[in-house]
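Quick note: residue numbers are just sequence positions, from 1. Both ligands and their constituent atoms are indexed starting at 1 by order of listing.
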Amino acid sequence: MARRLNWSDVTPKDSWMNRRAVLAGAGAILATPALARIEPAKSPLSTDAAPNTRAEITTYNNFYEFGLDKGDPARNARLLTTDPWEVKISGLVDRPGSYGLADILKDAALEERIYRFRCVEAWSMVIPWIGFELSHLLNKVGVQPSAKYVAFETLVRPEEMPGQQSAILDWPYREGLRLDEAMHPLTILATGLYGDPMPNQNGAPIRLVVPWKYGFKSIKSIVSIRLTDTQPETSWNIQNAREYGFFSNVNPQVDHPRWSQASERRVGAGIFAGREDTAMFNGYGDQVAGLYAGQDLTRNF
Ligand SMILES: Nc1nc2c(c(=O)[nH]1)N[C@H]1C(S)=C(S)[C@@H](COP(=O)(O)O)O[C@H]1N2
Ligand SMILES: [Mo]
């Protein structure tokens, strides 16, 4: 049986090695919940909305590498091996290189952050992520003054990602942020949810979460982060530039060409709950509206 990712894989390497040595002599301890779960500090940046259930968050997913249906990732993503895992950091940085997950997490302040999450398909969830600010990693590798954007890529491994055996998208899945968006404290790299390591279907072992943008910006299973001075290509923009812009901020006033973005359905709310009005910037306007001062958001959608 393939080994599941343990939380010990994402703690600093020395303590991880020690714990491994201990576990080697006491395999049964692996089943102890206290070791598998973590209790990170709660972030003040959390929403106070009630989170969706773990079952909802892990069975209703978009992850086209594992199929097009919302249930496909939960069925197919178990094939994905996430250990070892390296992220290549390149471009306009002082310390480029391939970094192991343990290195990336070294001295990262892991927190639980409950974020509203809004898909462009007009459904939403509230998810208790475990993660740390992307700015922490970018500061660690040293962003050069000429950098203006961050480009992200997902793993390409068709043998474990059956969706990549057809050209549904132009693989790898790609996303990008402007540097000020990437450095914003709400932008996190998430490594888990509900106190557990990230389920494969949610983007194990490390994925982006940008809560004021439509869900597709929150790229999963990241293997490459590149700092650039030009706006990077993004998968959905390549696929259909008229429907998916670079910014993709949640905006109830700018409709998707094929449907309204003014309201949303909270996954799991039940058929009598009705739709909710969508908030500008997914409700994070106080924190992020300033990033777009003077920009025409109907043109820069
Ligand atoms: N690599 C990759 N990342 C991805 C996607 C994808 O298909 N592939 N789908 C995106 C979309 S459209 C959404 S809504 C979110 C869904 O995240 P969740 O399944 O964890 O809720 O992941 C985003 N990240
Ligand atoms: Mo989405």
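Among all protein heavy atoms, the one lying closest to atom 14 (S) of ligand 1 is C119 SG, 3.6 Å. Counting protein heavy atoms only, atom 7 (O) of ligand 1 is closest to Y64 N, 2.8 Å. Closest to atom 6 (C) of ligand 1, if we only count protein heavy atoms, is Y173 CE1, 3.3 Å.
Heavy-atom contacts of E65 reach the following atoms of ligand 1: 1 (N), 2 (C), 6 (C), 7 (O), 8 (N) (cutoff under 4.0 Å). Applying the 4.0 Å criterion to heavy atoms of S218 picks out, from ligand 1, the atoms 22 (O), 23 (C), 24 (N). When each atom of ligand 1 is checked for a heavy atom of R207 under 4.0 Å away, the hits are 17 (O), 20 (O), 22 (O). Of all the atoms in ligand 1, the ones that sit under 4.0 Å from a non-hydrogen atom of T154 are 1 (N). Every atom of ligand 1 with a heavy atom of F63 under 4.0 Å away is listed here by number and element: 1 (N), 2 (C), 6 (C), 7 (O), 8 (N).
Applying the side-chain hydrogen bond (donor to acceptor under 3.5 Å, both in side chains) test between W212 and each of N282, T187, N249, N251 identifies N249 as the sole match.
The six-membered or imidazole ring of F63 lies near that of F66, with a centre-to-centre distance under 6.0 Å.
The distance criterion of under 3.5 Å between nitrogen or oxygen atoms is met by N61 with respect to ligand 1. When only interatomic distances are considered, the shortest N/O to N/O separation between K220 and ligand 1 falls below 3.5 Å.
Defined by atom type and a distance below 3.5 Å, a donor-acceptor pair is missing between the side-chain atoms of E243 and N237.
In this structure the side chain of N240 never reaches within 4.5 angstrom of the side chain of W236, judged on heavy atoms.
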